[in-house]
2 protein chains.
Amino acid sequence: MKIDPSSKIDLSAQIAKAIRDGIIAGTLPVDERLPSEAELADQFAVSRPTVREALKRLAAQSLIRTQRGATGGAFVNRLRFEDAYGQHVTTSTLLLSMNSVSFETACEARFALERACAPLSAKRRTADHLATMRAETHRQAQPGLSDEAFCASDVAFHRALVDAAGNPVLSYQLAGAVEAMQPLMNMITFTARNRATIVEIHTEIANALDVHNACTTDALLCQLADYTESLGKRVFATHNAAKSDGSAEA
Amino acid sequence: MKIDPSSKIDLSAQIAKAIRDGIIAGTLPVDERLPSEAELADQFAVSRPTVREALKRLAAQSLIRTQRGATGGAFVNRLRFEDAYGQHVTTSTLLLSMNSVSFETACEARFALERACAPLSAKRRTADHLATMRAETHRQAQPGLSDEAFCASDVAFHRALVDAAGNPVLSYQLAGAVEAMQPLMNMITFTARNRATIVEIHTEIANALDVHNACTTDALLCQLADYTESLGKRVFATHNAAKSDGSAEA
DNA sequence: GACGTTTAATTGTCTGACAAATGAAAATTG
DNA sequence: CAATTTTCATTTGTCAGACAATTAAACGTC
């Protein structure tokens, strides 16, 4: 791979791209050891700090791992679903907060995706998944629970629902949509009546999954989507009204 | 934010995390200028190369951008959906290839997600989306098209279908599932008869969306999912049989 | 053969330096 | 005075060389 020192782009970015392309193309298989930093510096005709900056870029994407010592070095990392979750959730969260995505849009996406895996979950849910969902539902019924804890439990419930589909690709893609919404959900103060309604729907969802009833599960998710959206609409309407109260913003 | 020099973790990783946390928490708003590298080095009591490695990690995640010159520096980047697409697709692709996800699993996830946005697409599709889908369908009918080009056009078609839902969150989440499957699809050699079948379904999907018929669209997507999976199953069955032919692998 | 010691390789970090870019201030010119 | 050019300070990009920390293998000792 060639490096162009006269390019507008950082050398470290070019080197990172060259190595990344090798990993994607399969030229550098998993667990393959990259040349040492000194050798890379020679090959690309740059200094070691520049090579290191490139390697740090790749490490930030979990594409490589490094190890010190005699047999150490940088190794192509086997990207695991668990490792990728974190990044995916972080990115999704920032996308929502930085692009002022409406609660409605986020909500719509989230439940559309969740409904997509409901039939699979109804078919494949294990006793474990059901137990998790019921435990979280039970926690959500506790009176002393803070709104944040309630939302966290809500995420755990829906995470279990998604995982029940038994498809890691689905779980990964949905993790972003479901977990990234938590900050938005946290802004909603749930009254006792709100919580009771949600807990009831959660209970029914668990029951529907128990008997492998995909249709009812889907209907309940629709119900939950509508209810969540109506709650959010009310909260954010007053929120925005209060915010634009003192400003000249149209 | 505190840095622990005695930790097992790289200083640059700790510093990157500290800054990243600030961005996520909103302490560092979009377009905010970070202190210069020299100032950061002072604040964290490390050297400039260490600070730079931390900044490169953040740059790799598109969390900051840097600019040279008198008024330059590192700025908190507004993460855009378009910027995040690339990373998401790359990560998804690597997840599939490195974890030997079966064609069946990937296919199931992809069509489950795509069906999720079909009702929204049927409701909101614009003339533009329809035109793109029909143009790609037309391209797919060209006899001289390579398998790679056929698959690329297929991705473009489905991308338009997803975008038609008018929900950027949905589009983002699905981009990973749809585009990451392209390398797997490329491994399938499409006969003329295969292509004719797919083109026909694509044509019908466009027609169904034209008249805002969500039900038919969903049915057609199911049909396409079944057909794709059956094609893949046949190809990868012979593929695996050939591969385990000469090895002792059980 | 088992067990400590040395050694070589490699990453992590620091220091100091210079080049390149870039906008702002100062100087020059009409 | 206004417009233009020049100078300059600031900041990132890159380099060179050095030392510390870590680690496994090679070596030596008992």
Does a side-chain N or O of B/R52 approach OP1 or OP2 of D/dG13 to a distance below 4.0 Å, or not? yes
In whole angstroms, how far is the C1' atom of C/dT11 from the CG atom of A/L58? 16 Å
Does A/R159 qualify as a cation-pi partner of A/Y85, given the criterion of NZ or CZ under 6.0 Å from the six-membered ring centre and within 45 degrees of its axis? yes
Just by distance, do the side chain of A/H129 and the backbone of A/T126 share a donor-acceptor pair under 3.5 Å? yes
How close or far is atom P of D/dT14 from atom CG of B/L55, stated in whole angstroms? 14 Å
Under 4.0 Å, counting only non-hydrogen atoms across every strand here, what does A/R65 touch: a base, just sugar-phosphate, or nothing? nothing
Report the distance from atom CD of A/E53 to atom C1' of C/dG12, rounded to the nearest whole Å. 14 Å
5'-most contact on DNA chain D (nearest-nucleotide basis), A/A70 vs A/A45, goes to A/A45
Does C/dA21 have OP1 or OP2 under 4.0 Å away from a side-chain N or O of A/K8? no
When you check the phosphate oxygens OP1 and OP2 of D/dT10, does a side-chain N or O of B/T71 lie under 4.0 Å from one of them? no
Please check if the side chain of B/T90 supplies one atom and the backbone of B/G86 the other of a donor-acceptor pair under 3.5 Å. yes
Give a yes or no on this: more than 12 heavy atoms of other residues, nucleotides or ligands lie within 6.0 Å of atom CZ of A/R80. no
Nearest-Å distance, CZ (A/F75) to P (D/dT23)? 13 Å
What does the list of N/O pairs under 3.5 Å between the protein and nucleotides 17-21 of chain D look like, with a distance for each?
| from | atom 1 | to | atom 2 | distance (Å) |
| --- | --- | --- | --- | --- |
| D/dA18 | N6 | A/R48 | NH2 | 3.3 |

B/S47 has a side chain; which of C/dT13, D/dA9, C/dG12 sits nearest to it? C/dT13
Protein-nucleotide distance (A/D10, atom CG; D/dT11, atom C1'), rounded to Å: 13 Å
More than 12 heavy atoms of other residues, nucleotides or ligands under 6.0 Å from CZ of B/R33: yes or no? yes
Side-chain contact check for A/L11: nearest option of D/dC15, C/dC14, D/dT10 is D/dC15
Passes salt bridge (charged side-chain N to carboxylate O under 4.0 Å, His left out), B/R78 versus B/D83? Steps please. CA-CA 10 Å; B/R78 157 160 278 124; B/D83 301 334; over 6 Å; no
Give a yes or no on whether A/R124 atom CZ has more than 12 heavy-atom contacts from other residues, nucleotides or ligands under 6.0 Å away. yes
Please pick, from C/dT13, D/dG13, D/dA9, the nucleotide with the shortest atom-to-atom distance to any side-chain atom of B/T50. C/dT13
Check the distance between C/dC14's P and B/F44's CZ and give it to me in whole angstrom. 13 Å
Between atom CD in B/E37 and atom C1' in C/dC14, what is the gap in whole Å? 15 Å
A/L40 CG to C/dT10 P, in whole Å, measures 11 Å
